[in-house]
Structures are given as structure tokens and as C-alpha cells.
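Notes for the one structure printed next.
For this chain, numbers begin at 1 and follow the sequence in order.
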Amino acid sequence: PEEVTLAGVRPAGAISYENFESSRDVVSRAVLFCFDLWLPPDFVPTPVDGEVEDFFLWNIQQIKESMDRDFDDPIKPNCYPVIIDYLLRSGHILPDTPGYLDVLRELRGGNCQ
């Protein structure tokens with residue numbers, strides 16, 4: 001419902017990424033504007049647009065486990081930059097983590113034209 005969305009949505013920045021599609025020999029670029037959406041604990045989302053098959057609630061540990069290469073994953077690959085951005089912004093990946101600044105630079109350093 002609109003009133004729930006408007007009450008809980010907060011802009012969280014933007015990220016960019018590039019994707020090479022080998023089957024078409026094409027590089028595509030994307031800029032994603034990110035928002036955090038806080039929902040009431042009893043809210044149950046329903047997929048209605050045909051783009052999302054299901055919603056599920058994971059804790060931070062489950063989210064981190066989902067990034068393992070061997071994880072049987074229901075998440076589209078282009079969603080992971082958004083998840084990583086959230087983990088960085090919320091302190092679940094700390095600045096003293098090896099490669100922290102490199103990941104941050106990659107998320108913010110793409111061609112946004």
C-alpha cells in the first residue's frame with residue numbers, strides 16, 4: 001500500500017555496474033538508484049507485476065551465505081551489487097575488511113552516462 005511505502009522509504013544513493021554479455025558480444029552499463037524500505041513486522045508482500053516470483057525474509061547471515069558461488073540461489077545476479085551496497089552502508093561489512101575500498105570504488109565508479 002502507498003501509505004506503508006511512503007512512510008518507510010528512504011533514498012540510499014546510487015550504484016553502477018557493467019555486464020558483458022558474451023552471447024551478443026555486448027557490454028551493458030546500468031545505474032541503480034537505491035532506496036531502503038522499512039516495513040512493519042506484520043507486512044506480507046505479494047508479487048503482482050510478474051517480475052518477482054516470491055518474497056522471502058532472510059537474516060544477515062543468510063544473505064551473506066547466499067553470496068557463496070555454490071549457493072542454489074533464487075536472486076538475480078544483478079541484485080547482488082545492491083545487496084553488497086546495503087551491507088557496506090549498514091556496517092555488516094566493515095572498513096577494515098580486505099578490499100573494502102576497492103568494492104566501494106567499484107560500486108560508485110562506473111560510467112553513469
Looking only at heavy atoms, which two atoms of Thr97 and Ile93 are closest? And how far apart?
OG1-CG2, 3.9 Å

Cluster link Val26 to Phe20, ILVMFWY, side chain under 4.5 Å
no

Distance in Å, Glu106 CD paired with Ser16 OG, rounded so as to fall on 0.5 Å steps
8.5 Å

Rounded at 0.5 Å granularity, tell me how far SG in Cys79 sits from CD1 in Ile84.
11.5 Å

Flag if over 12 foreign heavy atoms under 6.0 Å of CG, Asp96
yes

Does atom CD of Glu51 have more than 12 heavy-atom neighbours from other groups under 6.0 Å away?
no

Closest non-hydrogen atom pair, Phe55 against Thr46:
CE1-C, 3.8 Å

Within-4.5 Å side-chain heavy-atom neighbours: Leu107 and Pro81:
yes

Tyr86 side, atom OH; His92 side, atom NE2 - distance, nearest 0.5 Å
4.5 Å

Would you say Glu53 has more than 12 foreign heavy atoms packed within less than 6.0 Å of its CD?
no

For the student: nearest non-hydrogen atoms of Ala14 and Phe33, plus distance
CB-CD2, 3.9 Å

Could you please spell out the steps behind the side-chain contact (heavy atoms from CB on, under 4.5 Å) verdict for Met67 and Tyr80?
CA-CA 8 Å; Met67 292 190 196; Tyr80 278 103; 3.7 Å; yes

Residue pair Ile83, Ile63: steps toward the side-chain contact (heavy atoms from CB on, under 4.5 Å) verdict
CA-CA 8 Å; Ile83 293 169; Ile63 291 170; 3.4 Å; yes

Identify the heavy atoms of Gln62 and Leu57 that sit nearest to each other, and give their distance.
OE1-O, 4.2 Å

Between Val4 and Leu39, does a side-chain contact (heavy atoms from CB on, under 4.5 Å) hold up when you go through it step by step?
CA-CA 7 Å; Val4 173; Leu39 298 169; 3.7 Å; yes

Do the non-hydrogen side-chain atoms of Ile15 and Val82 ever get within less than 4.5 Å of each other?
yes

Closest contact, heavy atoms only, Phe43 versus Pro1:
CE1-CD, 3.5 Å

Working to the nearest 0.5 angstrom, can you tell me the gap between Asp85 CG and Leu104 CG?
8.0 Å

Looking at every heavy atom in both Leu94 and Tyr100, which two are closest together, and how far apart are they?
O-CD1, 3.1 Å

When rounded to the nearest 0.5 Å, the distance separating CG of Leu87 from CD1 of Ile60 is 5.5 Å

Nearest 0.5 Å, what's the OG1-CH2 distance between Thr5 and Trp38?
15.0 Å

Report yes if some heavy atom in the side chain of Arg29 is under 4.5 Å from a heavy atom in the side chain of Asn19; otherwise report no.
no

